[in-house]
Structures are given as C-alpha cells and as structure tokens.
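Following: one structure in structure tokens, then a few remarks.
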Amino acid sequence: MDQQAEGNPRPRTRTSQFDLESWVAGLAHAIATGIERQTARHGLTVSEFTLLRAFIEKQERTLSQLADAVPIEREGLAHMVRTLVDRGLLHRRGRTSDPRAMLLALTRHGRYLAWRLHTRMQAEHAGLLEGVSDEEMATLSAVVARIVENHTALEQSRLR
C-alpha cells in the first residue's frame, strides 16, 4: 500500500512541487486554442498554417528545406504541400527534373493569408503576455531553453 493510500502525504520532491506537465499542458492549450480559432476561420489546420508561416521567413524552399523547417513528418508534409498547391496557396517552380528539388513558394493569395494569420497570432500572443514583464519573459525563455537542453541530453544518453 502506498503512502497516500495510508493517509500519509507523499514526500515533496522538486517534481511534485512544480507540476511541469500541467503547466506545459495549460500553456500549450492556451496557445493552440488561439491558433486553431484563427486558422479554422480560413479552412486551415494548425499544421497547414505552420507550413505557410515558414515561407514568411524564407520565400522559396525545396521540400527538403521545408521538412527541416517545420515539425511535420515528411509523408504528411508532401500530402499537405499537394493540398495547399491544389487550394492555390502554394505553387511549385521546377528548376530541375528532380521533384524533390522543385522550389515551393506562396502564391499571392497564400502570402496574403499567411501574413494575415501571422499578424492575428501576434495579437493573440500579445494578449496572452499581457502583464508579463520583459524580465519574466527572459526568465521563462532561459528556463525553457534549459529544459529543452536537458531533454536533448537525456535522449542522447538513452541512445547510447
């Protein structure tokens, strides 16, 4: 029988004191809800918006470059690109006979939609950050970076 079942409180550990899972889930939910609300208005999924947004940073990309830039599996990515081409949001420009080397870019409508959604996301995020100081954001950024570094180190040690 465990301590809690016996009526004894669990010993407080650092991980029980700080409920990382709930914090991350709550933050992810707050962000995802806003993105889903905005993208659904335009008949896009969050992944499709993520793909379109990648073209804001770099106007033309090959499928391989796109795969490196967005967290979407390659099979799904190829299907999503075809869907967005069919919807007139992306276009392909062949520069070689190899389809993997074709350049992808936003169409005029795709550029408009990507920027419009990007601007709305920035406004949504500004609302989420209301009352959070620059110092608090710097601390959060440092903490998240450390957690991601720790995750990478743990994953690498598990591969050995």
Side-chain angles (χ1 to χ4, degrees), residues 20-21 23-160:
L20 185 60
E21 283 179 46
W23 293 350
V24 171
L27 179 59
H29 178 73
I31 294 169
T33 300
I35 294 170
E36 288 168 357
R37 182 176 40 255
Q38 295 297 328
T39 57
R41 291 178 181 168
H42 299 280
L44 293 173
T45 66
V46 173
S47 294
E48 289 169 337
F49 168 65
T50 300
L51 190 148
L52 293 177
R53 189 179 57 201
F55 287 97
I56 292 174
E57 298 166 10
K58 184 177 177 187
Q59 293 183 359
E60 291 184 324
R61 293 179 185 265
T62 64
L63 191 59
S64 294
Q65 291 169 334
L66 198 54
D68 292 338
V70 296
I72 300 168
E73 293 182 29
R74 285 186 187 258
E75 298 81 28
L77 183 62
H79 174 74
M80 199 177 307
V81 164
R82 282 191 300 275
T83 299
L84 295 172
V85 167
D86 291 346
R87 288 187 58 193
L89 299 173
L90 283 179
H91 67 85
R92 295 182 185 130
R93 261 194 7 207
R95 63 178 185 183
T96 70
S97 60
D98 182 357
R100 293 170 296 175
M102 284 189 187
L103 286 175
L104 298 163
L106 294 171
T107 62
R108 182 181 213 168
H109 179 61
R111 212 172 19 259
Y112 168 78
L113 185 56
W115 272 105
R116 183 175 177 167
L117 286 169
H118 178 71
T119 302
R120 286 184 174 174
M121 289 301 105
Q122 287 179 323
E124 182 90 19
H125 295 160
L128 292 175
L129 296 174
E130 186 68 33
V132 178
S133 71
D134 288 346
E135 183 179 278
E136 290 169 321
M137 282 305 298
T139 300
L140 176 61
S141 179
V143 169
V144 169
R146 170 59 65 166
I147 291 170
V148 171
E149 288 171 11
N150 291 345
H151 167 74
T152 300
L154 285 170
E155 290 300 309
Q156 288 173 351
S157 72
R158 288 181 181 125
L159 295 175
R160 292 182 201 147

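What you see is a predicted model; the values in this text were computed from it and never measured.
- Two residues are said to be in side-chain contact when any heavy atoms from C-beta on lie closer than 4.5 Å; Arg92 and Leu103 fail this criterion.
- Two residues are said to be in side-chain contact when any heavy atoms from C-beta on lie closer than 4.5 Å; Leu90 and Leu51 meet this criterion.
- Atom-to-atom distance recorded for Leu89:CG and Arg108:CZ is 14.5 Å, nearest 0.5 angstrom.
- In terms of heavy atoms, Ile72 sits closest to Ser47 at CD1-O, 3.7 Å.
- The closest side-chain heavy-atom distance from Leu104 to His91 is not below 4.5 Å.
- Under the rule for a salt bridge (Lys or Arg N to Asp or Glu O under 4.0 Å), Arg111 has no partner lying at least two apart in sequence or in another chain.
- Identified under the salt bridge (charged side-chain N to carboxylate O under 4.0 Å, His left out) test for residues 66-77, with sequence neighbours left out: Asp68-Arg74.
- Judged by distance alone, with hydrogens and angles left aside, the side-chain atoms of Gln65 form a donor-acceptor pair with the main-chain N or O of Thr62 at under 3.5 Å.
- The nearest pair of heavy atoms linking Ala114 to Ile56 is O-CD1, 3.7 Å.
- Considering only residues two or more places apart in sequence or on other chains, Glu48 meets the side chain to side chain contact (heavy atoms under 4.5 Å, CB included) condition with Leu44, Thr45, Met80, Thr83, Leu84, Arg87.
- Between Gly88 and Thr107, the shortest heavy-atom distance links the atoms O-OG1, 2.5 Å.
- No donor-acceptor pair under 3.5 Å is formed between the side chain of Thr39 and the backbone N or O of Phe49.
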Under 3.5 Å, which donor-acceptor pairs do the side chains of residues 120-130 form with other protein atoms, sequence neighbours left out?
unit_1: Gln122; atom_1: NE2; unit_2: His118; atom_2: NE2; d: 3.3
unit_1: Glu124; atom_1: OE2; unit_2: Arg37; atom_2: NH2; d: 2.8
unit_1: His125; atom_1: ND1; unit_2: Met121; atom_2: O; d: 3.4

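- Put simply, CH2 on Trp115 and CG on Leu106 are 10.5 Å apart, with the number rounded to the nearest 0.5 Å.
- Listed by chain and number, the residues in a side-chain hydrogen bond (donor to acceptor under 3.5 Å, both in side chains) with Glu60 are Arg93 (sequence neighbours excluded).
- Qualifying side chain to side chain contact (heavy atoms under 4.5 Å, CB included) partners for Val24, counting only residues two or more places apart in sequence or in other chains: Leu20.
- Evaluation of the side chain to side chain contact (heavy atoms under 4.5 Å, CB included) rule for Ala40 yields no partner, not counting sequence neighbours.
- Between Ala54 and Val70 the shortest heavy-atom distance is CB-CG1, 3.7 Å.
- Annotation: side-chain hydrogen bond (donor to acceptor under 3.5 Å, both in side chains) contacts involving residues 137-159, sequence neighbours excluded, comprise Glu155-Arg158.
- The salt bridge (Lys or Arg N to Asp or Glu O under 4.0 Å) test applied to Asp134 returns no partner, not counting sequence neighbours.
- Using a 3.5 Å distance cut-off with no hydrogens or angles, the side chains of Arg116 and Tyr112 do pair a donor with an acceptor.
- Partners of Gln59 by side chain to side chain contact (heavy atoms under 4.5 Å, CB included), not counting sequence neighbours: none found.
- Side-chain contact between Leu117 and His42 is present, with at least one heavy-atom pair separated by less than 4.5 Å.
- With sequence neighbours left out, the side-chain hydrogen bond (donor to acceptor under 3.5 Å, both in side chains) criterion links Glu136 to Ser133.
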